[in-house]
**Q** 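The structure under discussion is supplied below as structure tokens; questions concerning it will follow.
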Amino acid sequence: MHSALFLIEFGAIILALGLLGRFAGRFQFSPIPLYLLAGLAFGEGGLLPLGASEEFVAIGAEIGVILLLLMLGLEYTATDLVSNLKTQYPAGLVDFCLNALPGALAALLLGWGPVAAVVLAGVTWVSSSGVIAKVLGDLGRVGNRETPVILSVLVLEDLAMAVYLPIITALLAGVSLAAASVTLAIALGVAGLVLFVALRYGRVISRFVSSDDPEKLLLVVLGLTLLVAGIAQQLQVSAAVGAFLVGIALSGEVAEGTHTLLSPLRDLFAAVFFVFFGLHTDPASIPPVLLPALVLAVATALTKIATGYWAAKRAGVGVKGRWRAGGTLVARGEFSIVIAGLAVTAGIEPSLGPLATAYVLILVIVGPLTARYTQPVAGYFIKRRQGSGDSGGASASTAPAPAQEQPEAAEVQGGAQP
């Protein structure tokens with residue numbers, strides 16, 4: 001009877017997720033907010049609380065995080081990561097200062113303490129690579145000049161997570177400063193070793209893993225990923241970081257084949273992960289934190305736009321591309337929920353989970369809109385400001401016009417460049 005109830009509950013969840021995903025796809029927006037809402041509906045205080053399948057959903061959610069990070073690692077090679085570190089690290093520092101500090105400050109103002117401040121800093125810092133990649137494809141901007149800048153910022157954030165996640169794991173576990181330092185040293189050592197091995201012996205590893213049989217390739221890569229993730233978690237480094245490093249170590253045809261094979265599994269378990277996070281958030285706890293979440297969302301949306309604008313300007317992208325870069329980076333999603341989920345599991349602050357849920361819900365909906373409309377809206381206000389300035393005199397109306405048009409023309413010519 002328990003088995004039958006489990007199958008009914010879990011089957012209903014998967015069916016509901018599939019229908020929600022189809023609904024989101026029809027209207028061309030991310031399904032993440034719908035998955036979170038589904039979790040709220042099935043969790044404590046929701047419309048239909050789960051019982052028999054909750055433990056399995058928890059395991060599926062953990063696998064979802066691992067697969068999300070593995071697939072993210074497959075997108076990059078070790079050479080790409082090293083190159084981005086060398087050339088784009090100033091953008092990463094600006095990104096951290098403008099977007100992590102508001103979250104930390106908000107937690108301190110709410111009286112949540114230093115550990116919660118470090119957690120909320122991570123929630124507000126990291127953009128959603130999954131949502132942004134989908135938005136770039138939907139808007140046909142993959143070949144735009146600002147796109148490499150956007151991807152560079154995302155890569156630097158992903159790399160930073162390899163350092164941040166072990167720190168936050170140690171803090172949430174309540175270990176001493178010495179133990180936390182050892183954990184960080186292990187994480188940095190492992191990350192450095194993996195990058196070195198991937199640079200020097202990436203082809204050898206890929207040949208070892210490679211197989212013409214999709215079944216064998218799937219089993220080897222999935223087994224290797226779960227094994228490394230488990231070892232990493234045992235060392236207090238974070239299972240997610242271990243999976244990310246496995247993805248980086250694989251390259252070429254193996255990475256492409258693995259991406260194709262694991263994408264459906266990733267989508268399934270990632271959806272389960274978002275539902276699981278919603279399950280642990282009482283819907284009644286969201287209204288009290290809705291105003292702080294909204295204020296934080298507005299503030300960090302503006303700081304992300306500023307980050308993208310500055311990074312694109314530094315790369316020599318035209319004015320329109322700078323605004324597009326900023327607007328595209330606004331969306332938060334999977335990493336923010338992963339970080340908040342660690343805090344919810346540790347039970348450091350009851351209101352942190354609801355606030356993170358509301359915050360991500362707001363920005364995962366607003367993000368695709370800012371990606372599409374930030375540049376046109378900014379252009380409208382700039383033209384209005386120039387028009388009001390030009391009305392002051394005839395001399396002001398004639399001289400600046402060619403100077404304003406020239407960069408736009410140059411950008412249009414280069415907009416299709418990769």
Side-chain angles (χ1 to χ4, degrees), residues 29-30 32-33 72 84 88-107 117 119-136 138-139 141 144-161 164 292-315 317 319-340 355-379 381:
F29 66 90
S30 171
I32 291 176
L72 199 58
N84 274 292
Q88 298 293 340
Y89 71 89
L93 293 175
V94 170
D95 182 31
F96 170 77
C97 292
L98 290 182
N99 298 288
L101 294 182
L105 183 61
V119 173
L120 196 55
V123 171
T124 60
W125 175 14
V126 185
S127 298
S128 170
S129 300
V131 174
I132 290 171
K134 188 176 188 308
V135 167
L136 288 173
D138 292 343
L139 297 179
R141 295 181 183 174
N144 279 23
R145 289 191 62 194
E146 74 273 6
T147 299
V149 176
I150 296 169
L151 296 178
S152 294
V153 172
L154 296 177
V155 169
L156 289 169
E157 289 179 349
D158 297 338
L159 277 177
M161 288 299 100
Y164 173 84
L294 182 60
V295 172
L296 195 58
V298 171
T300 53
L302 294 175
T303 55
K304 272 294 182 183
I305 292 173
T307 299
Y309 187 96
W310 184 88
K313 181 179 180 181
R314 181 175 176 271
V317 176
V319 176
K320 288 184 177 180
R322 298 172 199 172
W323 287 114
R324 287 196 297 265
T328 303
L329 286 170
V330 166
R332 301 328 193 261
E334 57 275 7
F335 253 132
S336 297
I337 296 297
V338 168
I339 295 165
L355 186 142
T357 301
Y359 175 80
V360 171
L361 279 172
I362 293 169
L363 288 185
V364 82
I365 295 171
V366 170
L369 299 177
T370 59
R372 186 185 297 266
Y373 296 113
T374 296
Q375 181 264 314
V377 170
F381 283 107

**Q** Work out which heavy atom in Asn144 is nearest to a heavy atom in Arg324; give both atom names and the distance.
**A** ND2-NE, 3.5 Å
**Q** I need the Leu302 CG to Ile305 CD1 distance, nearest 0.5 Å.
**A**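 Answer rounded to 0.5 Å: 5.5 Å.
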**Q** Can you tell if the side chain of Leu296 reaches within under 4.5 Å of the side chain of Leu120, non-hydrogen atoms only?
**A**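 A side-chain contact under 4.5 Å exists here.
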**Q** Minimum heavy-atom separation for Trp125 to Ala160, with atom names?
**A** CH2-CB, 3.4 Å
**Q** Is there a donor-acceptor pair under 3.5 Å between the side chain of Arg314 and the backbone N or O of Pro90?
**A** no
**Q** Using a 3.5 Å distance criterion without hydrogens, assess whether the side chain of Glu157 forms a donor-acceptor pair with backbone atoms of Ser127.
**A** yes
**Q** When you measure from the side chain of Thr124 to the backbone N and O of Ala121, does any donor-acceptor pair fall under 3.5 Å?
**A**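 Between the backbone of Ala121 and the side chain of Thr124 there is a qualifying donor-acceptor contact (under 3.5 Å).
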**Q** Are any non-hydrogen side-chain atoms of Val298 and Ile362 less than 4.5 angstrom apart?
**A** no
**Q** Write down the atom of Ala315, the atom of Val149, and the distance for their closest heavy-atom approach.
**A** CB-CG2, 3.6 Å
**Q** Is there a donor-acceptor contact under 3.5 Å linking the side chains of Thr300 and Asn99?
**A**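 There is no such pair between these side chains.
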**Q** Would you name the heavy atoms of Arg332 and Ser128 that are closest together and state the gap between them?
**A**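 Where Arg332 meets Ser128 most closely, the heavy atoms are C-CB, 3.6 Å.
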**Q** If you look at every heavy atom in Val364 and Pro33, which pair is closest and at what distance?
**A** CG1-CD, 3.3 Å
**Q** What distance separates Leu139 CG from Thr328 OG1, expressed to the nearest 0.5 Å?
**A** 7.0 Å
**Q** So, taking the atom named OG1 in Thr370 and the one named CD in Gln375, what distance separates them when rounded to the nearest 0.5 Å?
**A** 12.5 Å
**Q** Evaluate the side-chain proximity of Leu156 to Asp95: yes if any heavy-atom separation is below 4.5 Å, no if none is.
**A**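 Side-chain contact under 4.5 Å: no.
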**Q** Is there side-chain contact between Ile339 and Tyr164, with at least one heavy-atom pair below 4.5 Å?
**A** yes
**Q** Examine distances only and state if a side-chain atom of Lys313 and a backbone atom of Gly308 form a donor-acceptor pair shorter than 3.5 Å.
**A** no
**Q** When rounded to the nearest 0.5 angstrom, what distance separates CZ in Arg145 from NZ in Lys320?
**A**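 Answer for the CZ-NZ pair, Arg145 versus Lys320, is 14.0 Å.
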**Q** Provide the closest heavy-atom pair for Ala311 versus Val153 in the form atom of the first, atom of the second, distance.
**A**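 Looking at all heavy atoms of both residues, the closest pair is CB-CG2, 4.3 Å.
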**Q** How far apart are the C-alpha atoms of Leu355 and Val123, what are their side-chain angles, what is the distance that settles it, and do they pass the side-chain contact (heavy atoms from CB on, under 4.5 Å) test?
**A** CA-CA 10 Å; Leu355 186 142; Val123 171; over 6 Å; no
